J.: 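Below is one structure. I have some questions about it.
Counting starts at 1 for both ligands and their atoms, in listed order. Computed from a predicted model, the values in this text were never measured in an experiment.
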Amino acid sequence: CITLQAQYDSLIHNLTTEQPELHEVLRRMRSDVMDPYNNINNYRFMVTEAYSPAEVLVAYYGTEEDPEADFPYNFELIELTSENLSGTTIRDMVELWLSNVPEGEWPNFVLGNHDNWRIADRIGFLYKRCMNVLLLTLPGTPTTYYGEEIGMENIYVSYNDTRDPEAKRNPCCWKEYTRDPERSPMQWTPDPPSAGFSTTNETWLPVNDNYLEGINVE
Ligand SMILES: *[C@@H]1O[C@H](CO)[C@@H](O)[C@H](O)[C@H]1NC(C)=O
Ligand SMILES: *[C@@H]1O[C@H](CO)[C@@H](O)[C@H](O)[C@H]1NC(C)=O
Ligand SMILES: *[C@@H]1O[C@H](CO)[C@@H](O)[C@H](O)[C@H]1NC(C)=O
Ligand SMILES: *[C@@H]1O[C@H](CO)[C@@H](O)[C@H](O)[C@H]1NC(C)=O
């Protein structure tokens, strides 16, 4: 079984990603599509999403004369795992980003999203509170993922019950692809059958049972 990642990695992408022409596209998106809709009450805010090194990403801020994104998502923290979590790793990540952000631009940090395991499963249950504090005290805009603020954890979904099309298409290595574990419904209350998310127990993905053990907003 050759995973999609292995197929991708077997090719050189220097003509298909991070192309200089992208800046022109972003500039035009800013000046022709977004800026005309700005008004005193509504500024159109642009975020770009790419998993490139910090030095490459900061170019998507554009320049003062030719602005592009308000910020490119900074995914450094999302790449932390229990293997490489340490104070110095985090300090290096924060310094790398802050030293690359152009003068006058606005920093940001992303700790969780729908494509990555939950903090408790990726970094460790014991660290979820301190990682939330870290995210919310770093300079700039924090981006988190629903449920991280109450320490929600991954669910297990078997292949037969999998919803994520990427995983469905890759039965041989579906565990590597599935994003269902981090996509379970928000846990609002301690009430069965579905933690206040639904009045039935037949949600698109199952609710994590730990809503019964205190992991819920209420
Ligand atoms: C892309 O990479 C290949 C292999 O390293 C190299 O020969 C080629 O010059 C590169 N092309 C560009 C546009 O950087
Ligand atoms: C931590 O480990 C992950 C998974 O191997 C890797 O993607 C990431 O780049 C590592 N980060 C650092 C700072 O070593
Ligand atoms: C998964 O579904 C297939 C096809 O419906 C079935 O043959 C198989 O027994 C199921 N496996 C499990 C573990 O439920
Ligand atoms: C879902 O609810 C129905 C009706 O209350 C019940 O019979 C069934 O056992 C429940 N299923 C699960 C998986 O909890």
J.: Any Lys/Arg nitrogen of Asp180 or Arg163 sitting under 4.0 Å from an Asp/Glu carboxylate oxygen of the other?
T.: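 The answer is no: the pair does not qualify as a salt bridge.
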J.: Regarding Arg118 and the six-membered ring of Tyr127, is the cationic atom NZ or CZ under 6.0 Å from the ring centre and inside 45° of its axis?
T.: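 No - Arg118 does not lie over the ring of Tyr127 by the 6.0 Å and 45° rule.
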J.: When you check ligand 1 against the protein, what N or O pairs turn up below 3.5 Å? List the atom names and distances, or just say none.
T.:
unit_1: ligand 1; atom_1: 2 (O); unit_2: Asn14; atom_2: ND2; d: 2.3
unit_1: ligand 1; atom_1: 11 (N); unit_2: Asn14; atom_2: ND2; d: 3.0
unit_1: ligand 1; atom_1: 14 (O); unit_2: Asn14; atom_2: ND2; d: 3.3

J.: Counting only heavy atoms not in Tyr156 (residues, nucleotides, ligands), do more than 12 fall under 6.0 Å from its OH?
T.: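 Counting other residues, nucleotides and ligands, OH of Tyr156 exceeds 12 neighbours.
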J.: Identify, by atom number and element, the atoms of ligand 2 in contact range of Met93, meaning under 4.0 Å from any of its heavy atoms.
T.: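 By the 4.0 Å cutoff, the relevant atoms are 13 (C).
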J.: Show me which atoms of ligand 2 lie under 4.0 Å from any heavy atom of Thr89.
T.: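 What qualifies from ligand 2 is 13 (C).
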J.: Does Lys168 qualify as a cation-pi partner of Tyr159, given the criterion of NZ or CZ under 6.0 Å from the six-membered ring centre and within 45 degrees of its axis?
T.: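 Yes, a cation-pi geometry.
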J.: Heavy-atom count check: over 12 atoms from other residues, nucleotides or ligands less than 6.0 Å from Glu55 CD?
T.: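 Atom CD in Glu55 is crowded, with more than 12 foreign heavy atoms closer than 6.0 Å.
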J.: Apply ring-ring contact (aromatic ring centres under 6.0 Å, His included) to Tyr60 and list each qualifying residue two or more places apart in sequence or on a separate chain.
T.: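 Result, ring-ring contact (aromatic ring centres under 6.0 Å, His included) vs Tyr60: His23.
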J.: Cluster question for you: counting only ILVMFWY and a side-chain heavy-atom cut-off of under 4.5 Å, with indirect links fine, are Phe71 and Leu96 together?
T.: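 As far as the 4.5 Å side-chain criterion goes, Leu96 and Phe71 are not connected within one cluster.
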J.: For ligand 3, which atoms, with element, lie under 4.0 Å from some heavy atom of Asn160?
T.: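 Once the distances to Asn160 are compared, the set is 1 (C), 2 (O), 3 (C), 8 (C), 10 (C), 11 (N), 12 (C), 14 (O).
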J.: Give the ring-plane orientation class for Tyr8 versus His13, where under 30° counts as parallel, over 60° as perpendicular and anything between as tilted.
T.: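 The arrangement is parallel - the two ring planes meet at less than 30°.
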J.: Distance under 4.0 Å to a non-hydrogen atom of Asn84: what atoms of ligand 2 satisfy this?
T.: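 With Asn84 as reference, the close atoms of ligand 2 come out as 1 (C), 2 (O), 3 (C), 8 (C), 10 (C), 11 (N), 12 (C), 14 (O).
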